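For clarity, every value in this text was computed on a predicted model and none was experimentally measured.
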Amino acid sequence: TTVQLVAVIMLVVLVLEATRRLTGLTLPIACLIFLAYAFWGDRFTGVLGHAPLSAKRILEQISITSEGIFGSSLGISATYVVIFIILAGFLETTGAGQFFIDIASSATGTKRGGPAKIAVVGSCLFGSISGSSVANVVSTGTFTIPLSKSVGYPSYFAGAVEAVASTGGQLMPPVMAAVAFIMADNLSVPYISICGAALIPAVLYYWSLFSMVDAKAVKLGIAGLKKEQLPQGREVLKNGWFLALPFLVLIALMMMNYTPMKAGFYAIVSLLVILLIFDRKKLNWANITNALENGAKGVISVSVTSACAGIIVGVIMITGLGLKFTSIITTVSNGNLLIALILSAVVAIILGMGLPTVPAYIVMSSLVAPALIKMGVAPMAAHMFVLYFAVLSCITPPVAIASYAAAAIADANAIKVGFESVRLAVVAYIIPFVFVYNPVLLFDGKPIDIFLSFATAVLGCMALTWAIEGVVEGKIPWWARIVSLLAAAFLVWPEHLSDVLGVVIFAVLYYFYRYKVKKQQKVLPITEDKEE
């Protein structure tokens, strides 16, 4: 009826306006472009054209079907996601975020390049519960970026480290910016399977960044901080060890096949009980209401963007654009998987620019993942692949929202921070290709194969760092950088012979430059501008 049509139009307008207020114009504009395609795409010729669709048919699709605004993504936001975001709200309000940063500070602060390593470890721990790269940058970056600059890191580098470390929090289990729940629903697998598959790639992501930071500290001659400047590890653990217990409760219940909702609920209850026993001062009315308020605000952000992404999914389904896109990628790549992966990565980065993680993944899983699955990629690997590049759009210029947020705090050139972020995260752009060809890295294989693949990948990340930064324990010549790059390629390629060759080359390089050259000559720090 006319009244129903008006109500649906109002619903769409309100969803777009709510999204604009929460995330800016990027996602609403994308929705409007897709809607325009639904209304007038029949005028296109060739593969992009579709049959004429009436306004009534389009509005019905995006409003009252399960492939529209009220789709599975919004349903998951209203069930699983809400519990975990409220849990994150309680953890932040009761000091878990500061506990993680203090743990990172005491563990890495005294090592060379300590402040930047604090950013890596602290943002990993905090980002795993915050679920937003920009929120993570703002929360931890206000502490780590000035500290990194104060010990001699260039401002653009300090900002880039924080941006990359904060972005990786969306790839680190257990929360993964709520994407884990949506991916589990899409693949019809248990939530814990998604966490297991995401673990090794996420560890490699942070290990690579940690190695890059360490190499930069060698080049600039940056030492760690004094113990007096940092929280004492024993005191931190003594005063806050109980804040880690809800995570253990959560993981244990998930492994016991509890639903995510029940596991998250009992984790919240366990946190309240633990505070009641160990730190009653934090269990006050103000903290409880703040936690619920922060949780509610977080749920609004995820649910509204999921609803907005649902509009795009509805258009993709009603116009057949997903199948057309699969056909385009298959045709352009001519059946070559590597070319298809490169095309998919570029599309995921472009379409993910400026979008929060949840809607970016929802769109990519509808457009790009089916094409990869059709070409023989395992469903888990295909969805992880598009997730990685959708997330990496946060640090990839020209629309690198996490890098630009870090640049503002670092008082550095935004574009320079963006490109430095790409350089620091170079392994993150390679890892998805590796686990597509070697799904063992997604915990899909025998334990011994998983261990060996993980070990060689760790060494490969180190070798790639040597090649990029040009240092082991001091400066290495150009030919050694080329050999390091060769070793990295052998180590990440999923074959036993290449692994053996890579390990041999790696061991020779490491032994020579770690023990021989260092004893024979004093390696002076490389001269670099410490300001832009």
Side-chain angles (χ1 to χ4, degrees), residues 23-24 26 97-98 100-101 104-105 108-109 113-172 177 202 205-206 208-214 216-217 220 222 349 352-357 360 388 390-429 528-532:
T23 66
T26 304
Q98 188 60 48
F100 291 147
I101 294 173
S105 300
T108 62
K117 292 177 179 178
I118 293 173
V120 175
V121 178
S123 295
C124 171
L125 295 173
F126 184 79
S128 66
I129 63 171
S130 72
S132 168
S133 57
V134 175
N136 199 2
V137 167
V138 174
S139 299
T140 59
T142 51
F143 167 73
T144 59
I145 291 175
L147 197 59
S148 297
K149 291 172 63 177
S150 69
V151 297
Y153 280 111
S155 55
Y156 71 89
F157 184 85
V161 169
E162 181 58 47
V164 176
S166 296
T167 298
Q170 298 168 95
L171 303 169
M172 177 63 74
Y205 179 105
Y206 279 104
S208 170
L209 179 58
F210 195 89
S211 300
M212 296 285 276
V213 166
D214 185 68
K216 190 73 169 182
L220 297 179
I222 297 175
I349 288 175
M353 285 181 174
L355 298 185
T357 304
Y388 258 74
V391 168
L392 289 174
S393 66
C394 293
I395 56 171
T396 307
V399 187
I401 55 176
S403 297
Y404 296 163
I409 298 172
D411 193 23
N413 181 280
I415 296 298
K416 194 169 184 179
V417 172
F419 282 106
E420 184 67 12
S421 299
V422 172
R423 192 180 73 87
L424 289 175
V426 63
V427 167
Y429 293 86
E528 288 194 9
D529 293 334
K530 295 194 178 184
E531 298 296 333
E532 276 120 288

Between [X] and [Y], is any pair of side-chain heavy atoms under 4.5 Å apart?
X	Y	answer
D411	S155	no
L392	Y429	yes
M212	F157	no

Indicate the atoms forming the closest heavy-atom contact of [X] with [Y], along with that distance.
X	Y	value
A402	T167	CB-OG1, 3.6 Å
I145	A158	CG1-O, 3.8 Å
A165	Y206	O-OH, 2.5 Å
L209	V161	CD2-O, 4.1 Å
S403	S421	OG-OG, 3.0 Å
A202	L171	CB-O, 3.4 Å

Keeping [X] on the side-chain end and [Y] on the backbone end, is there a donor-acceptor pair under 3.5 Å?
X	Y	result
Y205	V164	yes
K149	P154	no
S393	A390	yes

Just verifying a value: how many Å separate L424 CG and I395 CD1, rounded to the nearest 0.5 Å?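 These two atoms lie 8.5 Å from each other.
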Take Y156 and N413, measure what side-chain contact (heavy atoms from CB on, under 4.5 Å) needs, and give me the verdict at the end. CA-CA 7 Å; Y156 71 89; N413 181 280; over 6 Å; no
Who are the side chain to side chain contact (heavy atoms under 4.5 Å, CB included) partners of A407, not counting sequence neighbours?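 For A407 the side chain to side chain contact (heavy atoms under 4.5 Å, CB included) partners, ignoring immediate neighbours, are A414, V417.
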